[in-house]
Amino acid sequence: MRKMLDKEFFDRPATAVAKDLLGKYLISPEGSHMITETEAYVGPQDKACHSYKGRTARTEPMYDEPGTIYIYFTYGMHYMLNFVTGAKDYPAAVLIRGVEGIVGPGRLTKALQIDKRFNHRPLRRITGLWVEDRGVIIRPREVLRTPRIGIDYAGEWKDKPYRFVLKKKDGRSRP
DNA sequence: ACGATGATGAAC
DNA sequence: TTCATCATCGTA
């Protein structure tokens, strides 16, 4: 089983998409990697979400179709990879924080050579970046939910459990 | 614990 | 045009 995730998959609340992206495969020019860590930025009311400040040149991709790639540059050196979720003109997205073997949103984009070339483009084969369902089943007990990282400025939104991490298989639960 | 390093948005 | 800030990371 190998199905490319389509617009319909991303046309849902960011938290649902973030959770369901765990165990899916990110396909890039550097190969295929299972997604292991995500964060949801749920919309313009979310103080941690870039669209909280309104529509600007930077956040424009978030207002496009679900499944659009949103990439921004921060701290003068790191590219962050996001997928737009929900209806067109509703600015929400999911940050991809880690894949199997690569932990950290900045390390991930560096390792997979993802930069602004992919910004505001659709997640499709032609783009060179897309996501596949390869039939990996994730049980609820394999998912850790925590507050999001690096958003201490976000007031009451700071502690919302919008970060999803796929727990490592440790073998201890196997018979 | 801190500095790197530059785009971004808001203030002036 | 200037300034503070930043969904981070490597080194100490």
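Just so we're on the same page: letters track the sequence lines, and every chain starts at 1. Fair warning: this is a prediction, and the values are worked out from it, not measured in the lab.
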Any residue in residues 143-158 of chain A with a heavy atom nearer than 4.0 angstrom to DNA chain B? Just list them by number, or reply none.
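Within residues 143-158 of chain A, no residue comes under 4.0 Å of DNA chain B.
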
Salt bridge between D89(A) and R55(A), side-chain N to carboxylate O under 4.0 Å?
yes

Look at K88(A) together with D11(A) and state whether they make a salt bridge at an N to O cut-off of under 4.0 Å.
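No.
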
Counterpart residues, salt bridge (Lys or Arg N to Asp or Glu O under 4.0 Å), relative to E39(A) (two or more places apart):
R97(A)

Greater than 12 external heavy atoms within 6.0 Å of [X]'s [atom1]:
X	atom1	answer
E8(A)	CD	no
K53(A)	NZ	no
Y63(A)	OH	yes

Check whether any side-chain heavy atom of [X] lies under 4.5 Å from a side-chain heavy atom of [Y], and answer yes or no.
X	Y	value
R163(A)	R145(A)	no
T109(A)	D115(A)	no
Y162(A)	T15(A)	yes
I27(A)	L129(A)	no
I35(A)	V131(A)	yes
Q45(A)	W157(A)	yes

Could you tell me whether the side chain of R12(A) and the main chain of F9(A) form a donor-acceptor pair under 3.5 Å?
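Side chain of R12(A) to backbone of F9(A), a donor-acceptor pair under 3.5 Å: yes, one is there.
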
Spacing of K160(A) atom NZ relative to dA7(C) atom C1', expressed in whole Å:
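It works out to 17 Å between those atoms.
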
Name all pairs fulfilling the side chain to side chain donor-acceptor pair (under 3.5 Å) condition that reach into residues 122-132 of chain A, sequence neighbours left out, sorted by first residue then second.
W130(A)-E132(A), E132(A)-R134(A)

Start and end of the DNA chain B segment that chain A contacts, any atom under 4.0 Å from a heavy atom
dA4(B) to dA10(B)

According to ring pair (Phe, Tyr, Trp, His ring centres under 6.0 Å), who are the partners of F83(A), at least two apart in sequence or on a separate chain?
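F10(A).
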
For nucleotides 9-12 of chain C, list the nitrogen or oxygen atoms of the protein found under 3.5 Å from its nitrogen or oxygen atoms, one pair per line.
unit_1  : atom_1 : unit_2  : atom_2 : d
dC9(C)  : OP1    : P105(A) : N      : 3.3
dC9(C)  : OP1    : G106(A) : N      : 2.9
dC9(C)  : OP1    : R107(A) : N      : 3.2
dC9(C)  : O4'    : H78(A)  : NE2    : 3.1
dG10(C) : OP2    : R107(A) : NE     : 2.7
dG10(C) : OP2    : R107(A) : NH2    : 2.6

Interface residues of residues 113-121 of chain A with DNA chain C (non-hydrogen, below 4.0 angstrom):
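Of all residues in residues 113-121 of chain A, none places a heavy atom under 4.0 Å from DNA chain C.
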
Within residues 16-53 of chain A: residues closer than 4.0 Å to DNA chain C (heavy atoms)
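Result for residues 16-53 of chain A: Y41(A), A48(A), H50(A), sorted by number.
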
Where does DNA chain B form stems of at least three consecutive Watson-Crick or G-U wobble pairs, each pair having both distances below 3.5 Å?
B:1-4 with C:8-11, B:6-11 with C:1-6

Which residue, R58(A) or T74(A), contacts DNA chain B at a nucleotide closer to its 5' end, judged by nearest heavy atom?
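In this pair, the answer is T74(A).
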
Report the residue (Y75(A) or T59(A)) whose heavy-atom-nearest nucleotide on DNA chain B is the more 5′ of the two.
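Looking at DNA chain B, the more 5' nearest nucleotide goes with Y75(A).
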
Residue pairs involving residues 87-116 of chain A (criterion ring-ring contact (aromatic ring centres under 6.0 Å, His included); sequence neighbours excluded):
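Those involving residues 87-116 of chain A do not exist here.
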
Could you tabulate the donor-acceptor pairs under 3.5 Å formed by side-chain atoms of residues 135-144 of chain A, not counting sequence neighbours?
unit_1  : atom_1 : unit_2  : atom_2 : d
E142(A) : OE1    : R139(A) : N      : 2.7
E142(A) : OE2    : K169(A) : NZ     : 2.6

For residues 66-79 of chain A, please give each side-chain donor-acceptor pair under 3.5 Å, one per line with the distance, not counting sequence neighbours.
unit_1 : atom_1 : unit_2 : atom_2 : d
T68(A) : OG1    : E65(A) : O      : 2.6
Y70(A) : OH     : H50(A) : ND1    : 2.7

